[in-house]
Amino acid sequence: MTKKNEIVKIPDSDLPVQLPKDIDLNTTGNPLDAHEEWKNITINGKKCTRETDTLDTFVDSSWYFLRFCSSNNEIYPFDKNDIKYWMPVDQYIGGVEHAILHLLYSRFFTRAIALNNDKININEPFEGLFTQGMVCHETYKDKNNNWLSPEEVISEDGKNFFIKSNKRESVIVGPSESMSKSKKNTIDPEKMIETYGADAVRLFILSDSPPEKDIQWSESGMSSAYKFIQKFWSLSEKILKILENKQTSINSEIEIFTNQSIHRINIALDKFRYNVIVAVFHEVYNFYSKIINKEENYKNLEDNFLKILIVMSPMIPHITNELLAKINKINKLVWPVVKKETIETDEKIIVIQINGKKRNTISVLRGENEKNLIKKIKEMKLVEKYIKDNEIIKTIYVQDKLINIIVKK
């Protein structure tokens, strides 16, 4: 490219372009930008600058999973025996842009490496694919059409927005779009963690919607997750205090509820229904809140509460780790095995429709009645954005199959 930004084709006689061998890798940024001799050339009497961005980032990252298999190998990028043991990857999880670009490039690289290669015989790098939704946020612009970040915007009523540094200048509110640095509609995770804690941030992200759906970032949602963490901590402190009392009888209700909850969590984990797991957490809180009202240390209270903390730990690891330490049960923890005799019925996946269109699903016990089903759907906010302020005219429930919520728009 010339100084006037004219694109100049390299003559065929100069192809292929060879990269310099005396490159300095200790520079910041792209090392080719610092190699003046290679970068600056003359073509047909015109002084030109070579393009130094030689590979797309997706190309650079299209074989990293192979390197992970032999990360300590200093001679070769990967070893055939390591590849044979670890590959293909069991489960690939990524955003929709990865499913289009990264996945496509990775499959190409894997097949290219395996082509006519007796030592590496894999055609597909990943056995399973799960495409997760994007994290979305409203977009903001000033009167000159410049993007504004959420931190630069203020609103007192949630309807009218103004620039924080100049409250007289109104802000144009755009649609909610996937978070992007270019549109400035990103949220600083460090500030969220500093304000609410890492567990609350994790809990909100997992609870907002099924992972394949887009997440609408919400300050009120973050606040709700934080409040739940505080409530659960207070509940746990009360339970720990009760465990100091003399043990009484076995409470079969605790046994049944805990095992059924773990059973539902296991099913939801296998199906990536993390929002369903969070809903179970809320049910756990409500159940154990009622149990401790009698302030009795049942013989099976500690054991079952310990199981609850273990199954909650992948989602809120910090608070559960502290509580497990308080019970002196931090070492040799294993995932609890469900007692089959306590599982009265199987789980059923119910399709949730709004005016006849499928909008979500929910996992409930077989034979769930309509009243409880609607209550759970509302508590989990599974179709809240489709209903909003619309009036629910009626519901049509086909037990164990689907529920159709008819709303008046």
Side-chain angles (χ1 to χ4, degrees), residues 199 202-204 206-208 210-211 224-225 227-229 231-240 242-243 250-294 296-317 319-321 323-324 327 329 333-350 361-369 371-382 400:
D199 279 349
R202 288 165 65 97
L203 192 68
F204 166 67
L206 295 170
S207 67
D208 185 69
S224 296
K227 288 177 181 177
F228 176 78
I229 294 289
K231 284 165 50 180
F232 187 77
W233 177 268
S234 298
L235 170 67
S236 302
E237 289 280 274
K238 292 177 182 178
I239 292 176
L240 294 176
I242 291 174
L243 292 178
I250 290 178
N251 188 322
S252 59
E253 190 182 0
I254 295 177
E255 203 78 24
I256 293 172
F257 175 84
T258 301
N259 277 272
Q260 287 184 348
S261 297
I262 295 170
H263 178 59
R264 295 173 62 192
I265 288 171
N266 287 341
I267 293 174
L269 277 173
D270 289 340
K271 297 180 178 180
F272 299 101
R273 297 295 174 188
Y274 304 125
N275 59 315
V276 174
I277 297 175
V278 177
V280 175
F281 289 175
H282 285 272
E283 293 178 13
V284 165
Y285 171 81
N286 293 332
F287 175 82
Y288 276 89
S289 295
K290 295 176 182 177
I291 287 294
I292 66 171
N293 283 339
K294 296 181 180 180
E296 286 192 53
N297 182 13
Y298 299 105
K299 288 182 180 179
N300 58 338
L301 177 59
E302 179 178 329
D303 180 59
N304 281 282
F305 187 64
L306 177 64
K307 292 177 180 178
I308 289 296
L309 292 178
I310 292 172
V311 296
M312 293 180 81
S313 59
M315 291 196 169
I316 46 175
I319 182 176
T320 51
N321 188 70
L323 292 171
L324 287 167
I327 307 177
K329 299 287 185 180
L333 295 175
V334 294
W335 195 264
V337 177
V338 175
K339 297 179 180 179
K340 292 183 179 180
E341 63 270 20
T342 62
I343 306 302
E344 298 177 342
T345 53
D346 295 328
E347 292 281 332
K348 299 296 291 184
I349 303 297
I350 307 297
T361 60
I362 183 173
S363 177
V364 297
L365 293 175
R366 187 191 302 272
E368 184 72 274
N369 65 57
K371 184 178 179 181
N372 288 339
L373 178 60
I374 293 173
K375 182 181 178 183
K376 288 179 180 180
I377 291 172
K378 288 181 178 179
E379 288 176 348
M380 295 163 64
K381 299 180 180 179
L382 296 179
D400 297 336

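The aromatic rings of Tyr274 and Phe272 sit perpendicular, their planes meeting at an angle over 60°, well past the 30° parallel limit.
Distance alone, capped at 3.5 Å, places no donor-acceptor pair between the Asn251 side chain and the Tyr298 backbone. Remark: side-chain polar atoms of Asn304 are paired, donor with acceptor, to backbone N or O of Asn300 under 3.5 angstrom. The closest donor-acceptor contact from the side chain of Arg202 to the backbone of Pro314 lies under 3.5 Å.
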* To do: Quick one: do Tyr285 and Ser236 satisfy side-chain hydrogen bond (donor to acceptor under 3.5 Å, both in side chains)? Show the steps, please.
  => CA-CA 9 Å; Tyr285 171 81; Ser236 302; over 6 Å; no
* **Intermediate values then yes/no, side-chain contact (heavy atoms from CB on, under 4.5 Å), Val364 and Lys376** => CA-CA 9 Å; Val364 297; Lys376 288 179 180 180; 4.3 Å; yes
* Dump the intermediate steps for side-chain contact (heavy atoms from CB on, under 4.5 Å) on Arg273 and Thr361, then the final yes or no. => CA-CA 9 Å; Arg273 297 295 174 188; Thr361 60; 3.8 Å; yes
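Put simply, the side chain of Ile277 reaches to within 4.5 Å of the side chain of Met315, judged on heavy atoms. Between Leu240 and Glu237, the closest side-chain pair of non-hydrogen atoms falls below 4.5 Å. Side-chain contact between Trp335 and Lys307 is absent, with no heavy atoms from C-beta onward closer than 4.5 Å. By the 4.5 Å heavy-atom criterion applied to side chains, Ile242 and Leu301 are counted as neighbours. Phe305 is not listed as a side-chain neighbour of Thr258, based on a closest heavy-atom distance of 4.5 Å or more.
Pairing each heavy atom of Phe281 with each of Met312, the nearest pair is CE2-CG, 3.4 Å.
Residue-environment remark: NZ (Lys299) stays at or below the threshold of 12 foreign heavy atoms within 6.0 Å.
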